[in-house]
Structures are given as C-alpha cells and as structure tokens.
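Quick notes on the structure that follows.
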Amino acid sequence: MRKTNEAIREEFKGEVLEVLGLDHYVCDVCGETAFDACDMKKLHEQLDRAYRSRNGFLTPEEIKGLRKSCGVTQSEFERMLGVKPPTCSRWESGAVLQSPTANQLMWLMKSTPCVIDALKRKAAEKAGNDEFASGRRQHRGV
C-alpha cells in the first residue's frame, strides 16, 4: 500500500462525497483504502461537514451558538424544540445529525428571532416553569 492524500470519494448517508487533503493508504493492485485511526476520525468529521453543507444542515457549532443566543440551557432548548434529552448534547457534539424537521425549526429560529420567544412561551406552558415563562431569560439576539 502506498501513502497518499489524493481526494477520497466515500458514500455517506446515501450520498457520494469527496474529501480532500487527508492522508490514507491505497493499494494500487485492488484499490482498497485504509486509514490510521486518527485519520479515520478526521474522515468522518469531514464527510459530516460536507454532508451538512450540501444539504443545508446547521453545524454543531451553529446549533450551540443558536442555543446560547437564546439564553437557554440544553434541556430548555430541547423543550422548546420538542425533543427528548440528551438530544441537544448529541447535536452540539456532532454525535448525531438533527432531523430535517428540527433543522428547519432551528433555521427559522435563527432567521426570525420572534420565533424564539414564542417557543419559549410554549415550552414554559407545557413545563409549568415560571422563570422560563416570565421572560427573565430573554434571548440575546441571533
């Protein structure tokens, strides 16, 4: 096997994506590709970013930034979006890709801040949480 950093084409979540600049090994006889353990992790991260970019999904950093701009904890953010714990933690770490529906709702929150207040009120009504409902935890803008 020879070491290279040629473009890699991999199937990821049903799509063929290309990753550039990642060291890997290729067998010139059979075409098999192999990675060091740390490079395998980098491959997955780059494929995830490429998939998110191609399909309009918020990145883990964008999700965390949105939540923080709302001024809420992960559990409060989960209540606002109607998802179960520890979903937000998994999205923010990149361990799990959010559903298209959750992504659309977060995009709406990001582009239309008044949606944040409406979701906070709805979550507070459901939870019966006075502090959350009172608006003392106002969003800081997106």
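Please read all numbers here as calculations on a predicted model, not as lab measurements.
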(request) For Gly71 and Glu76, work out which heavy atoms get closest and say how close. (result) O-OE1, 4.5 Å
(message) Please report the interatomic distance CE(Met1) to CG(Asp28), rounded to the nearest 0.5 Å.
(response) 9.0 Å
(request) Any chance you could lay out the side-chain contact (heavy atoms from CB on, under 4.5 Å) test for Glu15 and Asn55, step after step, and finish with the verdict? (result) CA-CA 10 Å; Glu15 295 185 24; Asn55 293 287; 3.1 Å; yes
(request) For atom CE of Met40, decide whether the heavy atoms of other residues, nucleotides or ligands shown that lie under 6.0 angstrom number more than 12. (result) no
(message) Check this for me: Glu32, atom CD, are more than 12 non-hydrogen atoms of other residues, nucleotides or ligands nearer than 6.0 Å?
(response) no
(request) Return yes if some donor-acceptor pair links the side-chain N/O of Thr112 with the main-chain N/O of Cys114 below 3.5 Å, else return no. (result) no
(request) State whether the side chain of Glu10 and the backbone N or O of Leu47 hold a donor-acceptor pair below 3.5 Å, judged by distance alone. (result) no
(message) How long is the straight-line distance from OG of Ser89 back to CD of Gln74, given to the nearest 0.5 Å?
(response) 5.0 Å
(request) Tell me, with the steps shown, if Asp117 and Arg121 meet side-chain contact (heavy atoms from CB on, under 4.5 Å). (result) CA-CA 6 Å; Asp117 293 327; Arg121 282 192 305 277; 3.7 Å; yes
(request) Supply the atom-to-atom distance Leu105 CG to Leu119 CG, rounded to the nearest 0.5 angstrom. (result) 5.5 Å
(message) Would the distance check show the side chain of Glu78 and the main-chain N or O of Cys88 forming a donor-acceptor pair, the cut-off being under 3.5 Å?
(response) yes
(request) Check whether any side-chain heavy atom of Arg9 lies under 4.5 Å from a side-chain heavy atom of Leu17, and answer yes or no. (result) no
(request) Apply the test side-chain contact (heavy atoms from CB on, under 4.5 Å) to residues Phe57 and Arg49: give CA-CA distance (whole Å), side-chain angles for both, the deciding distance (0.1 Å), then the verdict. (result) CA-CA 9 Å; Phe57 280 86; Arg49 293 218 180 268; over 6 Å; no
(message) Quick check for you: to the nearest 0.5 Å, what is the distance between Cys38 atom SG and Leu43 atom CG?
(response) 11.5 Å
(request) Please confirm whether the backbone N or O of Lys42 pairs with a side-chain atom of Glu45, one donor and one acceptor, at under 3.5 Å? (result) no
(request) For the pair Gln98 (side chain) and Leu58 (backbone), establish whether a donor and an acceptor sit closer than 3.5 Å, ignoring hydrogens and angles. (result) yes
(request) Evaluate side-chain contact (heavy atoms from CB on, under 4.5 Å) for Glu125 paired with Lys122, printing each intermediate quantity in order. (result) CA-CA 5 Å; Glu125 289 169 10; Lys122 184 70 174 166; 4.1 Å; yes
(request) Compare all side-chain heavy atoms of Leu81 with those of Met109 and state whether any distance is below 4.5 angstrom. (result) yes
(request) With the side chain counted from C-beta on, respond yes when Phe77 and Met106 share a heavy-atom pair under 4.5 Å apart, and no when they do not. (result) yes
(request) Answer whether the closest heavy-atom distance between the side chains of Trp91 and Val83 falls below 4.5 Å. (result) yes
(message) Within the structure provided, determine whether Lys3 and His24 are in side-chain contact (heavy-atom separation under 4.5 Å).
(response) no
(request) State the OH-CZ distance between Tyr25 and Arg2, to the nearest 0.5 angstrom. (result) 12.5 Å
(message) Salt bridge or not between Arg52 and Asp48? Use side-chain N to carboxylate O under 4.0 Å.
(response) yes
(message) Between Ser69 and Leu66 (side chain of the first, backbone of the second, donor and acceptor by atom type, cut-off under 3.5 Å), is there such a pair?
(response) yes
(request) Would you check if there is a donor-acceptor pair between the side chains of Thr73 and Ser75 at a distance under 3.5 Å? (result) yes
(request) Have a look at Asn5 and tell me which of Leu22, Val19, Asp39, Asp23 forms a side-chain contact (heavy atoms from CB on, under 4.5 Å) with it. (result) Asp23
(request) Any chance you could measure Ile63, atom CD1, to Glu61, atom CD, to the nearest 0.5 Å? (result) 9.0 Å
(request) Write down the atom of Gly56, the atom of Asn103, and the distance for their closest heavy-atom approach. (result) O-ND2, 3.0 Å
(request) Taking the side chain as every heavy atom from C-beta outward, state whether Met80 and Ile116 have any atom pair closer than 4.5 Å. (result) yes
(request) Answer whether the closest heavy-atom distance between the side chains of Val96 and Thr87 falls below 4.5 Å. (result) no
(request) Decide yes or no for Val72 and Lys120: does some side-chain heavy atom of the first lie under 4.5 Å from some side-chain heavy atom of the second? (result) yes
(request) Determine the minimum heavy-atom distance between Pro60 and Gly94, stating which atoms define it. (result) CG-CA, 3.6 Å
(message) Closer than 4.0 angstrom, basic N to acidic O: yes or no for Lys110 and Glu62?
(response) yes
